[in-house]
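Please read the structure below before turning to the comments.
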Amino acid sequence: MICFICKVNVSTFSALAFHYKFMHFLNALSTYECSESNCSQTFQNLNGLRRHITRIHTSSVKVTEVNTNTNVNNYLINSYAVPFIDKNINLPPLKSNDFNLKEALNVLNVSAVKFSLQLHDNNNFSRKDILNIQSKIFDLILNPIILLLKGALLDTIKDPLLISTTNVIISEISSIFKYCSSEYKLNKWLSGEELTEDIMQFTINDEINFVSHAGENEYDEIKTKGILFPLKFQFQKYYEKNDMLIETLNLYDSLNISDDNFLSNFIQGSLWKDKVKLHQNKIVLPYFIYIDDFEINNPLGSNANFQSISALYYSFPLSKNNSKISEIFLAALIKAKDLKTFGNDLCFKHLVNELNSLERDGISINTSCGVKNVHFILGLVIGDNLGLNCICDFIKSFAANFYCRFCKANKSLTKYLAEEDESMLRNIYNYHIDVGINDFKLTGVYNECILNQIDSFHVTTNYCVDIMHDLFEGVCHYNLCHILQYYISEVKIISLETLNNRKQYFNYGTIEMGNNSHIIEKQHLLKFRLKMSAREMMCFIHFLPLMIGDLIPNNDDVWLFFLNFLEIIDILMSHKLTQDLISCLKRLIKKHNLDYVTLFKDTLKPKHHFLIHYPLIIQKSGPPRHFWCFKYESKHRELKMYARAITSRKNITLSLAKKFQLKFADFLLNGTKIDDVITADKHKIDCCYHELLADHLEDTLKIYDCYTQLKFKGTAYKIGYYLTKFTYELNLYEILEIILINATNKIVLILKQIKVDCYVEHLKSYMVDKNKSEILTTAMPISDFNGPPININTVLDGSLMIRLKEYF
């Protein structure tokens, strides 16, 4: 039988039907032409052609003949069966596990989309780069493969059905990127699969102004626009992925029934409990909004021109992986200059409407337990002090008379204030009075903040602080510069050179060795600004007692001030806090502020003042480490990297938005549920403690693997690291082996307990036995330990010391 398009001759009508469908992409309702015996009659469908051939050309062709002696997989006929195949064809029954070519080819095309999205997830690739990569892959890899298949298979295969199948496979390989060969096709496919939704470009300002077009000056319309992401769509897809909503609700319930004495999450604070009172008998979940500016242009370029973007992110405090950057998503993008020029009201009104809809209407989310309507309530607006004062319309200068967003204390009072005065706290009542006064110099309030239009939010109850900026980029610098100047210049216990030598050559251990900072110069001390990042400051202040503590006399007042400050840091960095610890923190902060003024004859700075509000904020919002800026500022790096990868600046916010729209699609399509445990086969070893494990494991848990290192909840555990556990006293253990139980994915550690000699209050450290004497060898689950692994540090006199860091 002859194809009327390419004139190929096949033996049966079934083979001809397959040929038309897969080689020429015709369907049952396409127009066909008969080419038998020079007949040129046309037909409106394939059934008409079949009836014509059966009636007119039955003597010259075999309509239903099938070659059953070939080695063709006959189930392919059924996989692509069409209604017009003659009923007399005798096909073998299909098995349930038979290979389905059509599904396999679809998987191939979807895999190409996944590959493309993973390229889009790379911040160094522009969208144009990815299209070029796909083109090169096709030209340099797929084309030779296609030629190889054609040459090796089509010249040797004689059966028409197998030829058609082979041609289909080759055709699909040649169009492997058909869903993503252009940005339009990719977005169309993603939209069809409900993996993306259009972003909203909203107008901030629209005016007629003098502009230049193609060298001609004329008046034209100028629109200033911002970007708002589809928050309802993103919230819904996030909680539908891996049945995240059910997991979150289980966590919510477990936190609500836990001991009220402990605060470990935002929802256990009194602020959240006040918010949910308005939503009885509803499923309500919190989310955080973070705002900050970042610069995108090259400051060293010949045409250096700083351009700042205000990015708004959101995250979920109840997410199991909320500490990971991948769990932070973009909510909006606005140029910083537009925010400054046109104000918060014009820039955020669309965002406020969207957030109100999330709270009032909620979102229907599909789960394994059915469809649930969830209402999302804004818990906190997060940011550094300047960012929060800007978005909340408080005064932007911290040299102003009323700079604090928590209280109405005058600047002159804050310089000496050691504890919080409840009568001065801002509240909704006195806030409206301040708005009515309309004089920010007297009140610290510019005007009514647009965020107050969000149903369950008010700027006076936004109990949020950032220990990254307040402590490690603020108070730590003032305190340490005073302390070091005192010991270097006043009492001259230590020289700056000795300090730097001890700092640079200190035994940090393998865990912290990468966080050593630059040397300290005299000008840094005089300017009260050490050249350290927040993470480097954390490391420096943590180990400073071991670096210079041996030179400091006992009961030195300045040193006691420093040790008091270390206790404050330890409490603020804790994952869980009790009411007793919060009361203790209040006393320590009061003593700290009083001693700072007395010892150094200096006034308290704004970041010292913010410390006095920390106990209240912890009561309201939980441990402050759960809403600090570390992870959000790390998210900026992705935007900056992509901005460097592209040259366009005409509509940079839209370019960034399109990139992160594709990154979110990749998160939904390629992202897998993050496991608590991450292993690598190269770290697998033979266990040497089978007998010890046999005493600790039940018979059902006897199958396990042994590793030299692995990651548990993002923290690396290795042989030779040390762990601590409190019973009546501190117990120190060295990791000998790491056991992963296959049935439960739980971790058991083989440990050697090391003798701890004593606690040295002067150094806030424990002294370890010089010989690391072994007390016993045991096996314990990884969940039994207080904090992450640490190293034993060797100090100058040869002593072995450990500083606990349960919060790093």
Side-chain angles (χ1 to χ4, degrees), residues 1-92 94 99-106 108-109 138 142-143 145-176 178 181:
M1 302 190 67
I2 302 171
C3 169
F4 75 94
I5 298 175
C6 62
K7 306 305 179 184
V8 68
N9 198 342
V10 297
S11 58
T12 67
F13 185 80
S14 297
L16 182 64
F18 270 79
H19 177 81
Y20 281 144
K21 182 173 183 179
F22 296 114
M23 296 308 297
H24 301 300
F25 305 104
L26 302 180
N27 57 43
L29 300 179
S30 299
T31 300
Y32 293 89
E33 181 180 324
C34 177
S35 296
E36 304 299 325
S37 304
N38 295 321
C39 178
S40 58
Q41 188 172 344
T42 58
F43 303 91
Q44 297 302 311
N45 54 61
L46 193 56
N47 269 330
L49 175 63
R50 180 185 63 80
R51 289 193 297 269
H52 168 76
I53 291 176
T54 303
R55 186 175 63 253
I56 305 299
H57 304 292
T58 186
S59 59
S60 59
V61 298
K62 300 176 182 179
V63 179
T64 62
E65 179 184 342
V66 176
N67 185 356
T68 59
N69 296 323
T70 63
N71 194 27
V72 180
N73 291 324
N74 290 322
Y75 55 78
L76 289 175
I77 298 175
N78 191 60
S79 298
Y80 287 97
V82 286
F84 49 80
I85 295 181
D86 196 284
K87 296 178 182 179
N88 294 323
I89 298 179
N90 186 19
L91 296 177
L94 279 177
F99 173 75
N100 189 307
L101 179 62
K102 188 174 183 179
E103 290 181 3
L105 292 175
N106 185 59
L108 180 67
N109 289 320
F138 182 81
L142 293 182
N143 248 339
I145 292 175
I146 292 168
L147 293 174
L148 178 65
L149 290 175
K150 286 182 177 179
L153 297 178
L154 294 183
D155 290 344
T156 58
I157 296 174
K158 303 302 180 184
D159 186 271
L161 291 180
L162 196 54
I163 291 175
S164 294
T165 303
T166 305
N167 279 326
V168 168
I169 295 172
I170 292 173
S171 175
E172 288 297 324
I173 293 175
S174 65
S175 60
I176 191 171
K178 67 180 181 181
S181 59

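These numbers come from the heavy atoms of this one structure, side chains and all, not from hydrogens, waters or symmetry mates. Along the sequence shown, the residues carry numbers beginning at 1.
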- Quick one: list whatever passes side chain to side chain donor-acceptor pair (under 3.5 Å) with Asn143, sequence neighbours left out. none
Taking side chain as C-beta onward, heavy atoms only, is [X] less than 4.5 Å from [Y]?
X      : Y      : value
Phe138 : Ile146 : yes
Cys3   : Leu16  : yes
Phe13  : Thr54  : no

I need the [X] [atom1] to [Y] [atom2] distance, nearest 0.5 Å.
X      : Y      : atom1 : atom2 : value
His52  : Asn47  : NE2   : CG    : 14.0 Å
Ile169 : Glu172 : CD1   : CD    : 9.5 Å
Ile170 : Leu142 : CD1   : CG    : 12.5 Å
Ile2   : Glu33  : CD1   : CD    : 11.5 Å

- Query: Taking only residues two or more places apart in sequence, or in another chain, which ones meet Leu147 in a side-chain contact (heavy atoms from CB on, under 4.5 Å)?
  - Reply: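 Once residues adjacent in sequence are excluded, Leu147 has no partner under the side-chain contact (heavy atoms from CB on, under 4.5 Å) criterion.
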- Task: For residues Asn45 and Tyr32, report the shortest heavy-atom separation together with the two atoms involved.
- Result: C-CD1, 3.7 Å
